[in-house]
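Okay, structure first, notes after.
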2 protein chains.
Amino acid sequence: MTQPSPASSGLRPIGKLAAATGVKVPTIRFYEEIGLLPAPPRTASDRRMYDDAAERRLSFIRHARQLGFDLDSIRSLLDLSDHPDRPCAEANVIAERHLAEVKQKIAQLRALQGELSRMTAECAGGRVSACKVIEALHDHPASL
Amino acid sequence: MTQPSPASSGLRPIGKLAAATGVKVPTIRFYEEIGLLPAPPRTASDRRMYDDAAERRLSFIRHARQLGFDLDSIRSLLDLSDHPDRPCAEANVIAERHLAEVKQKIAQLRALQGELSRMTAECAGGRVSACKVIEALHDHPASL
DNA sequence: ATGCATCCTCCAGTCGCTGGAGGATCAAGC
DNA sequence: GCTTGATCCTCCAGCGACTGGAGGATGCAT
(Lines give C-alpha, C1' and ligand atoms only; values in the text may rest on other atoms or scores of the structure.)
Protein backbone atom coordinates (compact mmCIF):
# COMPACT_ATOMS: atom_id res chain seq x y z
CA MET A 1 0.00 0.00 0.00
CA THR A 2 1.54 3.26 -1.15
CA GLN A 3 -1.58 5.38 -0.83
CA PRO A 4 -2.34 6.77 2.63
CA SER A 5 -5.94 5.54 2.94
CA PRO A 6 -8.38 6.80 0.32
CA ALA A 7 -11.44 5.79 2.31
CA SER A 8 -13.69 3.90 -0.10
CA SER A 9 -11.57 2.94 -3.08
CA GLY A 10 -9.39 -0.01 -4.04
CA LEU A 11 -10.20 -3.67 -3.89
CA ARG A 12 -11.50 -5.52 -0.86
CA PRO A 13 -11.96 -9.19 -0.15
CA ILE A 14 -15.31 -10.83 0.16
CA GLY A 15 -15.50 -10.47 3.93
CA LYS A 16 -15.17 -6.71 3.77
CA LEU A 17 -17.77 -6.53 1.05
CA ALA A 18 -20.07 -8.61 3.19
CA ALA A 19 -19.54 -6.32 6.16
CA ALA A 20 -20.04 -3.23 4.02
CA THR A 21 -23.29 -4.39 2.46
CA GLY A 22 -24.82 -6.61 5.10
CA VAL A 23 -24.92 -9.56 2.72
CA LYS A 24 -23.39 -12.75 4.05
CA VAL A 25 -20.29 -14.20 2.45
CA PRO A 26 -21.91 -17.43 1.20
CA THR A 27 -24.76 -15.40 -0.24
CA ILE A 28 -22.36 -13.25 -2.22
CA ARG A 29 -20.78 -16.37 -3.66
CA PHE A 30 -24.25 -17.69 -4.40
CA TYR A 31 -25.14 -14.51 -6.29
CA GLU A 32 -22.00 -14.93 -8.33
CA GLU A 33 -22.82 -18.55 -9.04
CA ILE A 34 -26.23 -17.72 -10.42
CA GLY A 35 -24.90 -14.81 -12.42
CA LEU A 36 -26.37 -11.90 -10.49
CA LEU A 37 -22.98 -10.58 -9.58
CA PRO A 38 -20.17 -10.75 -12.13
CA ALA A 39 -17.22 -12.90 -11.15
CA PRO A 40 -14.68 -10.49 -9.67
CA PRO A 41 -10.95 -10.60 -10.34
CA ARG A 42 -8.96 -12.93 -8.13
CA THR A 43 -5.64 -12.66 -6.39
CA ALA A 44 -2.85 -15.11 -7.19
CA SER A 45 -4.19 -17.30 -4.43
CA ASP A 46 -7.71 -17.26 -5.84
CA ARG A 47 -9.32 -14.81 -3.50
CA ARG A 48 -12.10 -12.67 -4.88
CA MET A 49 -11.40 -8.95 -4.82
CA TYR A 50 -14.24 -6.48 -5.24
CA ASP A 51 -14.31 -2.86 -6.34
CA ASP A 52 -16.82 -0.09 -5.68
CA ALA A 53 -18.94 -1.02 -8.67
CA ALA A 54 -19.41 -4.50 -7.25
CA GLU A 55 -20.41 -3.00 -3.93
CA ARG A 56 -22.99 -0.75 -5.59
CA ARG A 57 -24.41 -3.69 -7.49
CA LEU A 58 -24.61 -5.82 -4.38
CA SER A 59 -26.27 -3.02 -2.44
CA PHE A 60 -28.82 -2.69 -5.20
CA ILE A 61 -29.55 -6.39 -4.93
CA ARG A 62 -29.86 -6.17 -1.19
CA HIS A 63 -32.26 -3.28 -1.29
CA ALA A 64 -34.38 -5.04 -3.86
CA ARG A 65 -34.42 -8.20 -1.74
CA GLN A 66 -35.46 -6.19 1.28
CA LEU A 67 -38.35 -4.95 -0.80
CA GLY A 68 -39.23 -8.54 -1.52
CA PHE A 69 -38.33 -8.75 -5.20
CA ASP A 70 -37.41 -12.24 -6.34
CA LEU A 71 -34.05 -12.84 -7.92
CA ASP A 72 -35.45 -13.02 -11.43
CA SER A 73 -37.01 -9.61 -11.09
CA ILE A 74 -33.79 -8.30 -9.64
CA ARG A 75 -31.94 -9.71 -12.60
CA SER A 76 -34.23 -7.70 -14.89
CA LEU A 77 -33.95 -4.59 -12.78
CA LEU A 78 -30.16 -4.80 -12.78
CA ASP A 79 -30.22 -5.23 -16.49
CA LEU A 80 -32.31 -2.11 -16.87
CA SER A 81 -30.08 -0.24 -14.50
CA ASP A 82 -27.19 -1.13 -16.78
CA HIS A 83 -28.97 0.44 -19.75
CA PRO A 84 -30.03 3.96 -18.75
CA ASP A 85 -31.39 4.79 -22.18
CA ARG A 86 -34.01 2.06 -22.13
CA PRO A 87 -37.57 3.02 -21.22
CA CYS A 88 -38.42 3.23 -17.56
CA ALA A 89 -41.73 1.49 -18.15
CA GLU A 90 -40.20 -1.96 -17.85
CA ALA A 91 -38.98 -1.23 -14.35
CA ASN A 92 -42.35 0.11 -13.45
CA VAL A 93 -44.08 -2.99 -14.68
CA ILE A 94 -41.90 -5.15 -12.49
CA ALA A 95 -42.43 -2.95 -9.47
CA GLU A 96 -46.16 -2.75 -9.95
CA ARG A 97 -46.51 -6.45 -10.46
CA HIS A 98 -44.68 -6.96 -7.23
CA LEU A 99 -46.81 -4.36 -5.51
CA ALA A 100 -49.90 -6.22 -6.63
CA GLU A 101 -48.50 -9.45 -5.22
CA VAL A 102 -47.75 -7.76 -1.93
CA LYS A 103 -51.27 -6.37 -1.72
CA GLN A 104 -52.73 -9.76 -2.43
CA LYS A 105 -50.57 -11.38 0.19
CA ILE A 106 -51.67 -8.81 2.72
CA ALA A 107 -55.29 -9.57 1.95
CA GLN A 108 -54.68 -13.29 2.38
CA LEU A 109 -52.89 -12.78 5.64
CA ARG A 110 -55.62 -10.57 6.95
CA ALA A 111 -58.13 -13.31 6.28
CA LEU A 112 -55.87 -15.73 8.15
CA GLN A 113 -55.52 -13.27 10.97
CA GLY A 114 -59.28 -13.08 11.28
CA GLU A 115 -59.69 -16.84 11.38
CA LEU A 116 -56.89 -17.32 13.86
CA SER A 117 -58.14 -14.56 16.12
CA ARG A 118 -61.57 -16.08 16.23
CA MET A 119 -60.17 -19.52 16.95
CA THR A 120 -57.93 -18.45 19.79
CA ALA A 121 -60.47 -16.05 21.26
CA GLU A 122 -63.07 -18.74 21.61
CA CYS A 123 -60.79 -21.13 23.35
CA ALA A 124 -61.61 -21.30 27.04
CA GLY A 125 -58.66 -23.36 28.20
CA GLY A 126 -60.06 -26.70 29.20
CA ARG A 127 -59.26 -30.06 27.68
CA VAL A 128 -58.41 -30.63 24.04
CA SER A 129 -61.76 -32.39 23.69
CA ALA A 130 -63.46 -29.02 24.06
CA CYS A 131 -60.78 -26.98 22.33
CA LYS A 132 -62.11 -24.57 19.76
CA VAL A 133 -58.77 -24.43 18.01
CA ILE A 134 -58.65 -28.16 17.38
CA GLU A 135 -62.33 -28.19 16.63
CA ALA A 136 -62.01 -25.49 14.02
CA LEU A 137 -59.29 -27.42 12.28
CA HIS A 138 -61.44 -30.51 12.18
CA ASP A 139 -64.65 -28.89 11.04
CA HIS A 140 -63.54 -25.93 9.02
CA PRO A 141 -65.16 -26.68 5.68
CA ALA A 142 -63.67 -24.01 3.45
CA SER A 143 -64.10 -20.22 3.58
CA LEU A 144 -60.62 -19.67 2.23
CA MET B 1 -68.78 -56.16 -3.68
CA THR B 2 -71.78 -57.52 -1.81
CA GLN B 3 -72.86 -54.26 -0.18
CA PRO B 4 -75.10 -51.97 -2.29
CA SER B 5 -73.13 -48.70 -1.88
CA PRO B 6 -72.69 -47.40 1.67
CA ALA B 7 -71.80 -43.90 0.55
CA SER B 8 -68.74 -42.88 2.55
CA SER B 9 -67.31 -46.04 4.05
CA GLY B 10 -64.81 -48.65 2.99
CA LEU B 11 -61.34 -48.16 1.63
CA ARG B 12 -60.37 -45.97 -1.26
CA PRO B 13 -57.11 -45.60 -3.18
CA ILE B 14 -54.91 -42.56 -3.00
CA GLY B 15 -56.44 -40.86 -6.00
CA LYS B 16 -59.90 -40.86 -4.48
CA LEU B 17 -58.53 -39.57 -1.23
CA ALA B 18 -56.77 -36.81 -3.12
CA ALA B 19 -59.99 -35.89 -4.92
CA ALA B 20 -61.96 -35.98 -1.68
CA THR B 21 -59.61 -33.76 0.27
CA GLY B 22 -58.10 -31.53 -2.38
CA VAL B 23 -54.59 -32.66 -1.49
CA LYS B 24 -52.48 -33.84 -4.41
CA VAL B 25 -51.39 -37.45 -4.64
CA PRO B 26 -47.64 -36.79 -4.33
CA THR B 27 -48.33 -34.56 -1.37
CA ILE B 28 -50.19 -37.33 0.42
CA ARG B 29 -47.27 -39.66 -0.14
CA PHE B 30 -44.98 -36.92 1.10
CA TYR B 31 -47.01 -36.53 4.29
CA GLU B 32 -46.72 -40.25 4.86
CA GLU B 33 -42.98 -40.14 4.28
CA ILE B 34 -42.45 -37.49 6.92
CA GLY B 35 -44.76 -39.22 9.33
CA LEU B 36 -47.70 -36.81 9.34
CA LEU B 37 -50.03 -39.44 7.97
CA PRO B 38 -49.71 -43.03 9.16
CA ALA B 39 -48.82 -45.54 6.48
CA PRO B 40 -52.10 -47.04 5.33
CA PRO B 41 -52.67 -50.72 4.63
CA ARG B 42 -51.77 -51.88 1.15
CA THR B 43 -53.41 -54.20 -1.32
CA ALA B 44 -51.60 -57.29 -2.53
CA SER B 45 -50.23 -55.17 -5.34
CA ASP B 46 -48.89 -52.54 -2.95
CA ARG B 47 -51.54 -49.90 -3.43
CA ARG B 48 -52.34 -47.70 -0.49
CA MET B 49 -55.93 -47.95 0.72
CA TYR B 50 -57.34 -45.27 3.00
CA ASP B 51 -60.26 -45.29 5.41
CA ASP B 52 -62.38 -42.47 6.79
CA ALA B 53 -60.05 -41.83 9.68
CA ALA B 54 -57.23 -41.18 7.23
CA GLU B 55 -59.44 -38.77 5.34
CA ARG B 56 -60.30 -36.87 8.50
CA ARG B 57 -56.66 -36.62 9.42
CA LEU B 58 -55.70 -35.40 5.98
CA SER B 59 -58.49 -32.83 5.99
CA PHE B 60 -57.25 -31.58 9.33
CA ILE B 61 -53.79 -31.17 7.86
CA ARG B 62 -55.15 -29.38 4.85
CA HIS B 63 -57.16 -26.92 6.89
CA ALA B 64 -54.19 -26.21 9.07
CA ARG B 65 -52.00 -25.64 6.01
CA GLN B 66 -54.58 -23.27 4.58
CA LEU B 67 -54.31 -21.36 7.82
CA GLY B 68 -50.58 -21.17 7.29
CA PHE B 69 -49.38 -23.49 10.05
CA ASP B 70 -46.05 -25.13 9.31
CA LEU B 71 -45.78 -28.89 9.31
CA ASP B 72 -44.10 -29.03 12.68
CA SER B 73 -46.95 -27.13 14.28
CA ILE B 74 -49.42 -29.37 12.51
CA ARG B 75 -47.61 -32.38 13.88
CA SER B 76 -48.10 -31.01 17.38
CA LEU B 77 -51.72 -30.11 16.74
CA LEU B 78 -52.45 -33.59 15.40
CA ASP B 79 -50.79 -35.04 18.42
CA LEU B 80 -53.01 -32.98 20.68
CA SER B 81 -56.04 -33.90 18.67
CA ASP B 82 -55.17 -37.54 19.30
CA HIS B 83 -55.17 -36.95 23.05
CA PRO B 84 -58.45 -35.23 23.97
CA ASP B 85 -57.70 -35.26 27.69
CA ARG B 86 -54.59 -33.14 27.40
CA PRO B 87 -54.91 -29.44 28.18
CA CYS B 88 -56.09 -27.18 25.44
CA ALA B 89 -53.53 -24.56 26.33
CA GLU B 90 -50.87 -26.20 24.19
CA ALA B 91 -52.99 -25.84 21.10
CA ASN B 92 -53.69 -22.27 21.98
CA VAL B 93 -50.02 -21.48 22.37
CA ILE B 94 -49.35 -22.82 18.89
CA ALA B 95 -52.23 -20.91 17.37
CA GLU B 96 -51.33 -17.68 19.11
CA ARG B 97 -47.71 -17.95 18.17
CA HIS B 98 -48.78 -18.36 14.60
CA LEU B 99 -51.19 -15.48 14.88
CA ALA B 100 -48.37 -13.29 16.13
CA GLU B 101 -46.26 -14.31 13.15
CA VAL B 102 -49.07 -13.50 10.78
CA LYS B 103 -49.54 -10.09 12.35
CA GLN B 104 -45.85 -9.36 12.08
CA LYS B 105 -45.79 -10.43 8.48
CA ILE B 106 -48.71 -8.16 7.71
CA ALA B 107 -46.88 -5.25 9.28
CA GLN B 108 -43.78 -6.01 7.20
CA LEU B 109 -45.77 -6.28 4.02
CA ARG B 110 -47.54 -3.04 4.73
CA ALA B 111 -44.22 -1.32 5.03
CA LEU B 112 -43.19 -2.85 1.71
CA GLN B 113 -46.45 -1.78 0.16
CA GLY B 114 -45.81 1.78 1.22
CA GLU B 115 -42.31 1.82 -0.23
CA LEU B 116 -43.37 0.23 -3.47
CA SER B 117 -46.33 2.55 -3.88
CA ARG B 118 -44.13 5.57 -3.44
CA MET B 119 -41.59 4.23 -5.90
CA THR B 120 -44.05 3.46 -8.64
CA ALA B 121 -46.11 6.60 -8.09
CA GLU B 122 -43.12 8.86 -8.59
CA CYS B 123 -42.09 7.22 -11.80
CA ALA B 124 -42.93 9.45 -14.74
CA GLY B 125 -42.21 7.01 -17.51
CA GLY B 126 -39.13 8.34 -19.27
CA ARG B 127 -35.76 6.68 -19.56
CA VAL B 128 -34.25 4.39 -16.98
CA SER B 129 -31.70 7.11 -16.26
CA ALA B 130 -34.47 9.15 -14.64
CA CYS B 131 -36.43 6.23 -13.26
CA LYS B 132 -37.46 6.63 -9.67
CA VAL B 133 -37.81 2.90 -9.24
CA ILE B 134 -34.24 2.17 -10.24
CA GLU B 135 -33.07 5.22 -8.36
CA ALA B 136 -34.75 4.15 -5.17
CA LEU B 137 -33.08 0.77 -5.37
CA HIS B 138 -29.68 2.38 -5.80
CA ASP B 139 -30.00 5.01 -3.10
CA HIS B 140 -32.32 3.47 -0.56
CA PRO B 141 -30.15 3.55 2.55
CA ALA B 142 -32.22 1.53 5.01
CA SER B 143 -35.62 2.29 6.54
CA LEU B 144 -36.49 -1.38 6.78
C1' DA C 1 7.23 -18.23 13.81
C1' DT C 2 2.87 -18.92 15.41
C1' DG C 3 -1.72 -18.73 15.59
C1' DC C 4 -6.06 -17.17 14.38
C1' DA C 5 -9.00 -15.08 10.92
C1' DT C 6 -10.30 -15.36 6.50
C1' DC C 7 -10.52 -17.39 2.31
C1' DC C 8 -11.27 -21.37 -1.06
C1' DT C 9 -14.35 -25.40 -3.09
C1' DC C 10 -17.75 -28.71 -2.68
C1' DC C 11 -21.72 -30.51 -0.92
C1' DA C 12 -25.82 -31.28 1.98
C1' DG C 13 -29.69 -29.31 4.22
C1' DT C 14 -33.73 -26.08 4.88
C1' DC C 15 -39.37 -25.98 3.79
C1' DG C 16 -43.21 -27.80 1.48
C1' DC C 17 -43.95 -29.60 -1.91
C1' DT C 18 -43.92 -30.78 -7.37
C1' DG C 19 -43.13 -33.37 -11.28
C1' DG C 20 -40.91 -36.73 -14.18
C1' DA C 21 -39.00 -41.45 -15.49
C1' DG C 22 -39.87 -46.03 -15.89
C1' DG C 23 -42.63 -49.65 -14.78
C1' DA C 24 -46.76 -52.43 -12.72
C1' DT C 25 -51.60 -52.92 -12.23
C1' DC C 26 -56.58 -52.07 -12.62
C1' DA C 27 -61.08 -51.39 -14.70
C1' DA C 28 -63.91 -50.87 -18.56
C1' DG C 29 -65.26 -51.50 -23.20
C1' DC C 30 -65.55 -54.54 -27.18
C1' DG D 1 -59.85 -62.41 -23.87
C1' DC D 2 -57.66 -58.31 -25.18
C1' DT D 3 -56.61 -53.72 -25.48
C1' DT D 4 -56.48 -49.19 -23.89
C1' DG D 5 -56.00 -45.64 -20.80
C1' DA D 6 -56.12 -44.30 -16.10
C1' DT D 7 -54.11 -45.00 -11.95
C1' DC D 8 -50.79 -46.70 -9.04
C1' DC D 9 -45.84 -47.79 -7.49
C1' DT D 10 -40.75 -46.23 -6.34
C1' DC D 11 -37.04 -43.30 -6.82
C1' DC D 12 -34.99 -39.14 -7.61
C1' DA D 13 -34.28 -34.26 -9.05
C1' DG D 14 -35.76 -29.62 -8.73
C1' DC D 15 -37.93 -25.15 -7.03
C1' DG D 16 -36.34 -20.38 -4.32
C1' DA D 17 -33.06 -18.25 -1.79
C1' DC D 18 -30.17 -19.17 0.76
C1' DT D 19 -27.33 -21.45 5.01
C1' DG D 20 -23.84 -23.91 7.05
C1' DG D 21 -20.29 -27.34 7.51
C1' DA D 22 -16.02 -30.10 6.18
C1' DG D 23 -11.51 -29.91 4.98
C1' DG D 24 -7.88 -27.39 3.42
C1' DA D 25 -5.08 -23.19 1.86
C1' DT D 26 -3.82 -18.70 2.65
C1' DG D 27 -3.07 -13.82 4.95
C1' DC D 28 -2.02 -10.86 8.53
C1' DA D 29 -0.52 -9.45 12.98
C1' DT D 30 2.36 -10.07 16.73
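Below, all heavy atoms of this structure are taken into account, side chains as well, without hydrogens, waters or symmetry copies. In what follows, chains are A, B, ... by sequence order, proteins preceding strands, each numbered from 1.
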Inset, instruction - Using atom types as modelled and distance alone, determine if a side-chain donor or acceptor of Arg127(B) lies under 3.5 Å from a backbone N or O of Cys131(B). - result: no

Legend entry - Distance, rounded to the nearest Å, where Ile74(A) contributes CD1 and dC18(D) contributes P: 8 Å

Inset, instruction - Kindly check if the number of other-residue, nucleotide or ligand heavy atoms within 6.0 Å of CD (Glu122(B)) is above 12? - result: yes

Inset, instruction - Mind checking Ile14(B) for me? I need base, sugar-phosphate or nothing, with any heavy atom below 4.0 Å counting as a touch. - result: sugar-phosphate

Legend entry - Donor-acceptor contact below 3.5 Å, side chain Ser81(A) vs main chain Leu77(A): no

Inset, instruction - Would you mind reading off the distance between Ile34(A) atom CD1 and dG16(D) atom P, rounded to a whole angstrom? - result: 9 Å

Inset, instruction - Please report, rounded to the nearest Å, how far the P atom of dA17(D) is from the CG atom of Asp72(A). - result: 8 Å

Inset, instruction - Examine the side chains of Ser73(B) and His98(B) and answer whether a donor and an acceptor come within less than 3.5 Å of each other. - result: no

Legend entry - Given dT25(C), dC7(C), dC17(C), the nucleotide with the shortest approach to the side chain of Ser45(B): dT25(C)

Legend entry - Whole-Å distance separating the CG atom of Asp70(B) from the C1' atom of dT14(C): 12 Å

Inset, instruction - Among dG19(C), dC8(D), dG16(C), find the nucleotide with the atom closest to the side chain of Val25(B). - result: dC8(D)

Legend entry - Residue-phosphate contact under 4.0 Å: Lys24(A) side-chain N/O, dA17(D) OP1/OP2: no

Inset, instruction - Could you state the atom-to-atom distance from CE of Met49(A) to C1' of dC8(C) in whole Å? - result: 14 Å

Legend entry - Contact under 4.0 Å: Thr27(A) side-chain N or O vs dT19(D) OP1/OP2: yes

Legend entry - Distance in angstrom units between Arg42(A) CZ and dA25(D) C1', rounded: 13 Å

Legend entry - Residue Arg29(B), side-chain atoms from C-beta onward, closest of dC17(C), dC9(D), dT9(C): dC9(D)

Inset, instruction - Among the candidates dG16(C), dA17(D), dT10(D), find the nucleotide nearest to the side-chain atoms of Arg48(B). - result: dT10(D)

Inset, instruction - Look at all strands and tell whether Tyr31(B) reaches a base, only sugar-phosphate, or nothing, counting heavy atoms closer than 4.0 Å. - result: sugar-phosphate

Inset, instruction - Between Phe30(A) and Arg47(A), just flag the one whose closest nucleotide in DNA chain D comes earlier from the 5' side. - result: Phe30(A)

Inset, instruction - Report yes or no: does Arg47(B) contribute a side-chain atom to a donor-acceptor pair with the main-chain N or O of Ile14(B) at less than 3.5 Å? - result: no

Legend entry - Spacing between Leu37(A) atom CG and dA17(D) atom P, to the nearest angstrom: 15 Å

Legend entry - Interatomic distance, Leu67(B) CG vs dG16(C) C1' [rounded to whole Å]: 16 Å

